[in-house]
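Shown next, in C-alpha coordinates, is the structure this report addresses.
Each chain gets a letter, A, B and so on, in the order its sequence line appears, and its residues count up from 1.
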2 protein chains.
Amino acid sequence: MIKLSNLADYAVELMCCIALKPESIRGSASLAKQTKIPLPTASKILGLMVKAGLLISHRGLNGGFSLGVNATKISITDIIEAVDGPVQLTNCLGEDAADCDRISSCGTRSQWYRINEAVKDALGSVLLSQMIESVPDFIGDGMADDLPLIGKLIN
Amino acid sequence: MIKLSNLADYAVELMCCIALKPESIRGSASLAKQTKIPLPTASKILGLMVKAGLLISHRGLNGGFSLGVNATKISITDIIEAVDGPVQLTNCLGEDAADCDRISSCGTRSQWYRINEAVKDALGSVLLSQMIESVPDFIGDGMADDLPLIGKLIN
DNA sequence: CCAAAATAAGACCAAATTAGTCGTTTTAAG
DNA sequence: CTTAAAACGACTAATTTGGTCTTATTTTGG
(Lines give C-alpha, C1' and ligand atoms only; values in the text may rest on other atoms or scores of the structure.)
Protein backbone atom coordinates (compact mmCIF):
# COMPACT_ATOMS: atom_id res chain seq x y z
CA MET A 1 0.00 0.00 0.00
CA ILE A 2 1.42 3.32 -1.09
CA LYS A 3 0.91 5.73 1.71
CA LEU A 4 2.71 8.60 3.24
CA SER A 5 4.29 8.15 6.64
CA ASN A 6 2.26 8.67 9.78
CA LEU A 7 4.60 11.50 10.65
CA ALA A 8 3.74 13.33 7.45
CA ASP A 9 0.08 12.74 8.06
CA TYR A 10 0.36 14.05 11.61
CA ALA A 11 2.37 17.02 10.40
CA VAL A 12 -0.36 18.20 8.07
CA GLU A 13 -2.90 17.87 10.83
CA LEU A 14 -0.79 19.86 13.26
CA MET A 15 -0.19 22.56 10.70
CA CYS A 16 -3.90 22.80 10.06
CA CYS A 17 -4.56 23.28 13.77
CA ILE A 18 -2.07 26.07 13.97
CA ALA A 19 -3.19 27.69 10.76
CA LEU A 20 -6.76 27.87 12.02
CA LYS A 21 -5.65 30.37 14.66
CA PRO A 22 -2.72 32.10 13.05
CA GLU A 23 -2.50 34.85 15.67
CA SER A 24 -2.05 32.73 18.75
CA ILE A 25 0.91 30.78 20.00
CA ARG A 26 0.06 27.16 20.69
CA GLY A 27 2.09 24.92 22.99
CA SER A 28 2.90 21.37 21.98
CA ALA A 29 0.84 19.90 24.82
CA SER A 30 -2.26 21.74 23.69
CA LEU A 31 -1.77 20.75 20.07
CA ALA A 32 -1.06 17.14 20.95
CA LYS A 33 -4.19 16.90 23.04
CA GLN A 34 -6.40 18.40 20.37
CA THR A 35 -5.08 16.24 17.56
CA LYS A 36 -4.78 13.11 19.74
CA ILE A 37 -1.19 12.72 18.64
CA PRO A 38 1.23 11.43 21.32
CA LEU A 39 2.96 14.43 22.84
CA PRO A 40 6.59 13.41 22.20
CA THR A 41 5.84 12.58 18.63
CA ALA A 42 4.06 15.87 18.13
CA SER A 43 7.04 17.71 19.61
CA LYS A 44 9.35 15.98 17.21
CA ILE A 45 7.27 16.96 14.22
CA LEU A 46 6.89 20.53 15.38
CA GLY A 47 10.64 20.71 15.68
CA LEU A 48 11.04 19.61 12.09
CA MET A 49 8.57 22.26 10.98
CA VAL A 50 10.62 24.91 12.74
CA LYS A 51 13.78 23.69 11.09
CA ALA A 52 12.06 23.92 7.72
CA GLY A 53 10.97 27.48 8.49
CA LEU A 54 7.28 26.68 8.36
CA LEU A 55 6.82 27.40 12.06
CA ILE A 56 8.45 29.72 14.55
CA SER A 57 9.16 28.40 18.02
CA HIS A 58 8.83 30.52 21.16
CA ARG A 59 10.71 29.15 24.12
CA GLY A 60 10.17 29.62 27.83
CA LEU A 61 7.02 30.03 29.87
CA ASN A 62 3.89 30.43 27.74
CA GLY A 63 5.97 29.55 24.76
CA GLY A 64 4.87 27.44 21.82
CA PHE A 65 4.63 27.59 18.07
CA SER A 66 3.20 29.94 15.50
CA LEU A 67 3.10 30.04 11.73
CA GLY A 68 6.37 31.13 10.17
CA VAL A 69 4.83 31.76 6.77
CA ASN A 70 1.35 32.70 5.64
CA ALA A 71 -0.91 29.67 5.16
CA THR A 72 -1.43 30.69 1.55
CA LYS A 73 2.27 30.20 0.94
CA ILE A 74 2.52 26.68 2.34
CA SER A 75 1.74 23.69 0.15
CA ILE A 76 1.20 20.13 1.27
CA THR A 77 4.45 19.25 -0.44
CA ASP A 78 6.30 21.72 1.77
CA ILE A 79 4.99 19.99 4.88
CA ILE A 80 5.58 16.47 3.65
CA GLU A 81 9.08 17.23 2.46
CA ALA A 82 9.94 18.83 5.78
CA VAL A 83 9.13 15.54 7.50
CA ASP A 84 9.99 12.85 4.98
CA GLY A 85 12.51 14.57 2.77
CA PRO A 86 12.20 15.19 -0.95
CA VAL A 87 9.61 13.50 -3.14
CA GLN A 88 11.73 11.12 -5.12
CA LEU A 89 9.86 8.10 -6.36
CA THR A 90 12.85 6.17 -7.63
CA ASN A 91 16.40 6.09 -6.35
CA CYS A 92 17.82 7.16 -9.67
CA LEU A 93 16.12 10.55 -9.62
CA GLY A 94 18.11 12.13 -6.81
CA GLU A 95 21.60 13.45 -6.29
CA ASP A 96 23.06 10.00 -6.13
CA ALA A 97 21.71 8.98 -9.49
CA ALA A 98 24.97 7.34 -10.41
CA ASP A 99 24.49 4.85 -7.59
CA CYS A 100 22.10 2.93 -9.80
CA ASP A 101 24.19 0.15 -11.26
CA ARG A 102 21.43 -0.81 -13.63
CA ILE A 103 21.61 2.57 -15.27
CA SER A 104 22.98 1.20 -18.50
CA SER A 105 20.31 -1.42 -18.87
CA CYS A 106 17.45 0.81 -17.78
CA GLY A 107 15.80 2.97 -20.37
CA THR A 108 12.98 4.24 -18.23
CA ARG A 109 14.58 7.08 -16.33
CA SER A 110 13.21 9.89 -18.43
CA GLN A 111 9.72 8.50 -17.99
CA TRP A 112 10.22 8.24 -14.24
CA TYR A 113 11.26 11.84 -14.18
CA ARG A 114 7.97 12.80 -15.79
CA ILE A 115 5.98 10.70 -13.35
CA ASN A 116 7.82 12.12 -10.37
CA GLU A 117 7.08 15.67 -11.46
CA ALA A 118 3.44 14.81 -11.95
CA VAL A 119 3.15 13.41 -8.45
CA LYS A 120 4.95 16.39 -7.00
CA ASP A 121 2.55 18.71 -8.79
CA ALA A 122 -0.40 16.75 -7.48
CA LEU A 123 0.83 17.12 -3.94
CA GLY A 124 1.87 20.73 -4.39
CA SER A 125 -1.42 21.80 -5.87
CA VAL A 126 -3.08 21.99 -2.47
CA LEU A 127 -2.23 24.81 -0.09
CA LEU A 128 -2.54 24.77 3.66
CA SER A 129 -5.05 27.60 3.40
CA GLN A 130 -7.25 25.47 1.14
CA MET A 131 -6.93 22.56 3.48
CA ILE A 132 -8.63 24.48 6.28
CA GLU A 133 -10.93 26.81 4.44
CA SER A 134 -14.12 24.80 4.72
CA VAL A 135 -13.47 23.53 8.20
CA PRO A 136 -15.62 24.79 11.08
CA ASP A 137 -13.70 26.39 13.92
CA PHE A 138 -12.88 23.86 16.56
CA ILE A 139 -10.64 26.17 18.49
CA GLY A 140 -9.19 25.64 21.94
CA ASP A 141 -10.05 22.26 23.32
CA GLY A 142 -13.69 22.23 22.37
CA MET A 143 -14.00 20.24 19.20
CA ALA A 144 -16.92 19.80 16.86
CA ASP A 145 -17.97 16.19 16.81
CA ASP A 146 -19.90 15.92 13.60
CA LEU A 147 -18.67 17.83 10.62
CA PRO A 148 -21.00 17.79 7.61
CA LEU A 149 -18.29 17.24 5.03
CA ILE A 150 -17.05 14.19 6.85
CA GLY A 151 -20.43 12.56 7.05
CA LYS A 152 -20.69 12.85 3.31
CA LEU A 153 -17.52 10.85 2.85
CA ILE A 154 -18.31 8.08 5.28
CA ASN A 155 -21.64 7.13 3.78
CA MET B 1 12.04 10.77 1.44
CA ILE B 2 8.86 9.80 -0.33
CA LYS B 3 9.70 6.97 -2.63
CA LEU B 4 8.04 3.88 -3.87
CA SER B 5 9.29 0.54 -2.63
CA ASN B 6 12.22 -1.15 -4.31
CA LEU B 7 9.89 -3.97 -5.24
CA ALA B 8 7.61 -1.63 -7.14
CA ASP B 9 10.58 -0.12 -8.87
CA TYR B 10 11.87 -3.54 -9.84
CA ALA B 11 8.43 -4.60 -10.98
CA VAL B 12 8.19 -1.82 -13.51
CA GLU B 13 11.60 -2.66 -14.85
CA LEU B 14 10.75 -6.33 -15.20
CA MET B 15 7.52 -5.53 -16.96
CA CYS B 16 9.36 -3.30 -19.37
CA CYS B 17 11.75 -6.12 -20.22
CA ILE B 18 8.92 -8.47 -20.93
CA ALA B 19 6.92 -5.92 -22.87
CA LEU B 20 9.86 -5.28 -25.17
CA LYS B 21 9.53 -8.78 -26.53
CA PRO B 22 5.85 -9.53 -26.11
CA GLU B 23 5.91 -12.67 -28.23
CA SER B 24 8.51 -14.65 -26.33
CA ILE B 25 8.32 -16.41 -23.00
CA ARG B 26 11.06 -15.26 -20.66
CA GLY B 27 12.26 -17.29 -17.69
CA SER B 28 12.88 -15.64 -14.35
CA ALA B 29 16.62 -16.38 -14.48
CA SER B 30 17.01 -14.63 -17.79
CA LEU B 31 15.01 -11.63 -16.64
CA ALA B 32 16.85 -11.40 -13.36
CA LYS B 33 20.20 -11.46 -15.09
CA GLN B 34 19.26 -8.80 -17.57
CA THR B 35 17.80 -6.44 -14.99
CA LYS B 36 20.46 -7.23 -12.38
CA ILE B 37 17.73 -7.95 -9.86
CA PRO B 38 18.45 -10.79 -7.40
CA LEU B 39 16.79 -13.90 -8.79
CA PRO B 40 14.65 -14.81 -5.77
CA THR B 41 13.37 -11.28 -5.50
CA ALA B 42 12.56 -11.19 -9.19
CA SER B 43 10.68 -14.47 -8.86
CA LYS B 44 8.65 -13.09 -6.05
CA ILE B 45 7.66 -10.01 -8.03
CA LEU B 46 6.84 -12.03 -11.13
CA GLY B 47 4.56 -14.16 -9.00
CA LEU B 48 2.71 -11.08 -7.83
CA MET B 49 2.30 -9.93 -11.41
CA VAL B 50 0.75 -13.25 -12.32
CA LYS B 51 -1.63 -13.04 -9.40
CA ALA B 52 -2.68 -9.59 -10.57
CA GLY B 53 -3.30 -10.92 -14.07
CA LEU B 54 -0.66 -8.74 -15.68
CA LEU B 55 1.48 -11.73 -16.58
CA ILE B 56 0.81 -15.33 -17.50
CA SER B 57 3.10 -17.98 -16.08
CA HIS B 58 4.14 -21.07 -18.02
CA ARG B 59 5.38 -23.83 -15.78
CA GLY B 60 7.66 -26.75 -16.49
CA LEU B 61 10.62 -27.05 -18.80
CA ASN B 62 11.23 -23.99 -20.98
CA GLY B 63 8.57 -22.23 -18.99
CA GLY B 64 8.57 -18.61 -18.00
CA PHE B 65 6.39 -15.55 -18.19
CA SER B 66 4.60 -13.64 -20.88
CA LEU B 67 2.35 -10.59 -20.94
CA GLY B 68 -1.18 -11.31 -19.81
CA VAL B 69 -2.55 -8.06 -21.18
CA ASN B 70 -1.47 -5.80 -24.01
CA ALA B 71 1.13 -3.24 -22.95
CA THR B 72 -1.19 -0.45 -24.01
CA LYS B 73 -3.65 -1.59 -21.38
CA ILE B 74 -1.24 -1.60 -18.44
CA SER B 75 -0.58 1.57 -16.49
CA ILE B 76 2.18 2.18 -13.99
CA THR B 77 -0.48 2.28 -11.30
CA ASP B 78 -1.53 -1.25 -12.21
CA ILE B 79 2.00 -2.49 -11.67
CA ILE B 80 2.62 -0.57 -8.48
CA GLU B 81 -0.69 -1.59 -6.96
CA ALA B 82 -0.01 -5.23 -7.78
CA VAL B 83 3.13 -5.05 -5.67
CA ASP B 84 2.40 -2.53 -2.94
CA GLY B 85 -1.37 -2.59 -2.77
CA PRO B 86 -3.69 0.32 -3.40
CA VAL B 87 -2.52 3.91 -3.56
CA GLN B 88 -3.87 5.30 -0.34
CA LEU B 89 -1.97 8.24 0.98
CA THR B 90 -3.69 8.47 4.34
CA ASN B 91 -5.11 5.74 6.52
CA CYS B 92 -8.53 7.32 6.59
CA LEU B 93 -9.10 6.92 2.85
CA GLY B 94 -9.44 3.15 2.74
CA GLU B 95 -12.00 0.57 3.77
CA ASP B 96 -11.14 0.92 7.40
CA ALA B 97 -11.80 4.64 7.46
CA ALA B 98 -13.59 4.32 10.75
CA ASP B 99 -10.38 3.17 12.39
CA CYS B 100 -9.24 6.76 12.52
CA ASP B 101 -10.09 7.88 16.04
CA ARG B 102 -9.30 11.45 15.21
CA ILE B 103 -12.05 11.50 12.64
CA SER B 104 -14.18 13.89 14.61
CA SER B 105 -11.42 16.40 15.10
CA CYS B 106 -10.06 16.15 11.57
CA GLY B 107 -11.63 18.29 8.91
CA THR B 108 -9.19 17.52 6.15
CA ARG B 109 -10.43 14.23 4.80
CA SER B 110 -12.19 15.62 1.76
CA GLN B 111 -9.03 17.43 0.77
CA TRP B 112 -6.97 14.30 1.21
CA TYR B 113 -9.37 12.48 -1.04
CA ARG B 114 -8.71 15.06 -3.77
CA ILE B 115 -4.96 14.82 -3.32
CA ASN B 116 -5.03 11.05 -3.41
CA GLU B 117 -6.96 11.05 -6.67
CA ALA B 118 -4.52 13.52 -8.16
CA VAL B 119 -1.54 11.34 -7.29
CA LYS B 120 -3.31 8.27 -8.62
CA ASP B 121 -3.99 10.07 -11.87
CA ALA B 122 -0.37 11.14 -12.13
CA LEU B 123 0.78 7.57 -11.74
CA GLY B 124 -1.93 6.18 -13.98
CA SER B 125 -1.25 8.59 -16.80
CA VAL B 126 1.74 6.61 -17.99
CA LEU B 127 1.23 3.31 -19.78
CA LEU B 128 3.70 0.48 -20.01
CA SER B 129 3.75 0.91 -23.76
CA GLN B 130 4.84 4.54 -23.35
CA MET B 131 7.47 3.52 -20.88
CA ILE B 132 9.27 1.46 -23.49
CA GLU B 133 8.51 3.24 -26.71
CA SER B 134 11.69 5.33 -26.96
CA VAL B 135 13.97 2.67 -25.59
CA PRO B 136 16.50 1.02 -27.90
CA ASP B 137 16.19 -2.73 -28.11
CA PHE B 138 18.46 -4.33 -25.57
CA ILE B 139 17.06 -7.76 -26.12
CA GLY B 140 18.51 -11.00 -24.91
CA ASP B 141 21.55 -10.43 -22.78
CA GLY B 142 23.22 -7.82 -24.95
CA MET B 143 22.47 -4.45 -23.43
CA ALA B 144 23.10 -0.96 -24.75
CA ASP B 145 25.57 0.83 -22.52
CA ASP B 146 24.97 4.47 -23.32
CA LEU B 147 21.51 5.60 -24.10
CA PRO B 148 21.17 9.19 -25.32
CA LEU B 149 18.11 10.01 -23.26
CA ILE B 150 19.90 9.03 -20.10
CA GLY B 151 22.91 11.21 -20.71
CA LYS B 152 20.59 14.16 -21.03
CA LEU B 153 19.28 13.58 -17.53
CA ILE B 154 22.59 13.04 -15.82
CA ASN B 155 24.20 16.28 -16.95
C1' DC C 1 18.14 39.65 41.08
C1' DC C 2 17.36 34.75 41.80
C1' DA C 3 15.00 30.53 41.45
C1' DA C 4 11.58 27.53 39.71
C1' DA C 5 8.55 25.85 36.23
C1' DA C 6 7.35 25.19 31.68
C1' DT C 7 8.83 24.35 27.12
C1' DA C 8 11.65 23.18 23.13
C1' DA C 9 15.42 20.39 21.36
C1' DG C 10 18.23 16.50 20.75
C1' DA C 11 19.76 11.69 21.48
C1' DC C 12 18.28 7.04 22.12
C1' DC C 13 15.55 2.74 21.91
C1' DA C 14 11.82 -0.43 20.23
C1' DA C 15 8.56 -2.15 16.88
C1' DA C 16 6.90 -2.92 12.37
C1' DT C 17 7.36 -3.17 7.67
C1' DT C 18 10.08 -4.53 3.86
C1' DA C 19 13.66 -6.90 1.30
C1' DG C 20 16.01 -11.04 0.42
C1' DT C 21 16.89 -16.33 0.90
C1' DC C 22 15.84 -20.99 0.99
C1' DG C 23 13.32 -25.18 0.33
C1' DT C 24 9.27 -27.57 -1.86
C1' DT C 25 6.04 -28.60 -5.41
C1' DT C 26 4.57 -28.63 -9.96
C1' DT C 27 4.98 -29.42 -14.87
C1' DA C 28 6.53 -30.53 -19.36
C1' DA C 29 10.07 -32.57 -22.37
C1' DG C 30 12.77 -36.58 -23.55
C1' DC D 1 8.36 -43.05 -16.82
C1' DT D 2 12.17 -40.29 -15.51
C1' DT D 3 14.51 -36.07 -15.17
C1' DA D 4 15.34 -31.40 -14.91
C1' DA D 5 13.82 -26.74 -15.09
C1' DA D 6 10.91 -23.36 -13.22
C1' DA D 7 7.11 -21.44 -10.30
C1' DC D 8 5.40 -21.15 -5.68
C1' DG D 9 5.24 -20.46 -0.75
C1' DA D 10 7.35 -20.12 4.02
C1' DC D 11 11.04 -18.17 6.64
C1' DT D 12 14.89 -15.10 8.18
C1' DA D 13 17.37 -10.75 8.31
C1' DA D 14 17.75 -5.81 7.89
C1' DT D 15 16.35 -1.21 7.24
C1' DT D 16 13.18 2.24 8.14
C1' DT D 17 9.85 4.38 11.00
C1' DG D 18 7.57 5.58 15.20
C1' DG D 19 7.79 6.50 20.06
C1' DT D 20 10.25 7.62 24.62
C1' DC D 21 13.31 9.83 27.53
C1' DT D 22 16.80 13.13 29.00
C1' DT D 23 18.98 17.58 28.58
C1' DA D 24 19.29 22.45 27.79
C1' DT D 25 17.01 27.04 27.46
C1' DT D 26 14.06 30.78 28.55
C1' DT D 27 10.80 33.56 30.95
C1' DT D 28 7.94 34.84 34.68
C1' DG D 29 6.96 35.30 39.53
C1' DG D 30 8.77 36.03 44.09
Between dA19(C) atom P and L48(B) atom CG, what is the distance in whole Å? 11 Å
Specify the closest pair of heavy atoms between L128(A) and A19(A), including all atoms of both residues, with the distance to one decimal. CD2-CB, 3.8 Å
Gap between atom CD of Q111(B) and atom CE of M131(A) - 0.5 Å precision: 6.0 Å
Return the 5'-most residue of the pair P38(A), F65(B) with respect to DNA chain D, ranking by each residue's nearest nucleotide. F65(B)
Going from CH2 on W112(B) to CD on E13(A), what distance comes out if it is rounded to the nearest 0.5 angstrom? 10.0 Å
Is there a donor and acceptor pair closer than 3.5 Å between the side chain of K44(B) and the base of dG20(C)? yes
Whole angstrom value for the distance that separates C1' of dA19(C) from CG of D9(B): 13 Å
Base, sugar-phosphate alone, or nothing: which one does L46(B) contact when heavy atoms must sit under 4.0 Å apart? nothing
To the nearest angstrom, how far is M49(A) atom CE from dA8(C) atom C1'? 15 Å
Gap between atom CG of L46(A) and atom CG of L54(A) - 0.5 Å precision: 11.0 Å
Side chain proximity check, Y10(A) to T41(A), heavy atoms < 4.5 angstrom: yes
For a quick check, with a 4.0 angstrom heavy-atom cut-off, what is the B/S/- contact string for nucleotides 22-29 of chain C, read 5' to 3'? ----SBSS
Categorize S57(A) for me: base, sugar-phosphate, or nothing, with a 4.0 angstrom heavy-atom threshold over every strand shown. sugar-phosphate
By nearest-heavy-atom nucleotide on DNA chain C, the more 5' of A8(B) and V50(A) is V50(A)
Measuring from atom NZ of K44(B) to atom CG of L39(B), what distance do you get when rounded to the nearest 0.5 angstrom? 13.5 Å
Please report the distance, rounded to the nearest Å, between NE2 in H58(A) and C1' in dA9(C). 16 Å
First and last nucleotide of DNA chain D in contact with chain B, 5' to 3', at under 4.0 Å to a heavy atom: what are they? dA5(D) to dC8(D)
When rounded to whole Å, the CG to C1' distance for the pair L31(A) and dT7(C) reads 13 Å
Do NZ/NE/NH1/NH2 and the carboxylate oxygens of K120(B) and E117(B) come within less than 4.0 Å? yes
Honestly curious: do V119(A) and I2(B) fall in one hydrophobic cluster under the side-chain, below-4.5 Å linking rule? yes
Under 3.5 Å donor-acceptor pairs involving side-chain atoms of residues 63-75 of chain B, not counting sequence neighbours:
residue : atom : partner : partner atom : Å
S66(B)  : OG   : H58(B)  : NE2          : 2.9
N70(B)  : OD1  : T72(B)  : N            : 2.9
N70(B)  : OD1  : T72(B)  : OG1          : 2.7
S75(B)  : OG   : T77(B)  : N            : 3.3
S75(B)  : OG   : D78(B)  : N            : 3.3
S75(B)  : OG   : D78(B)  : OD2          : 3.3

Just call it for S5(B): base, sugar-phosphate, or nothing, with non-hydrogen atoms closer than 4.0 Å on any strand. sugar-phosphate
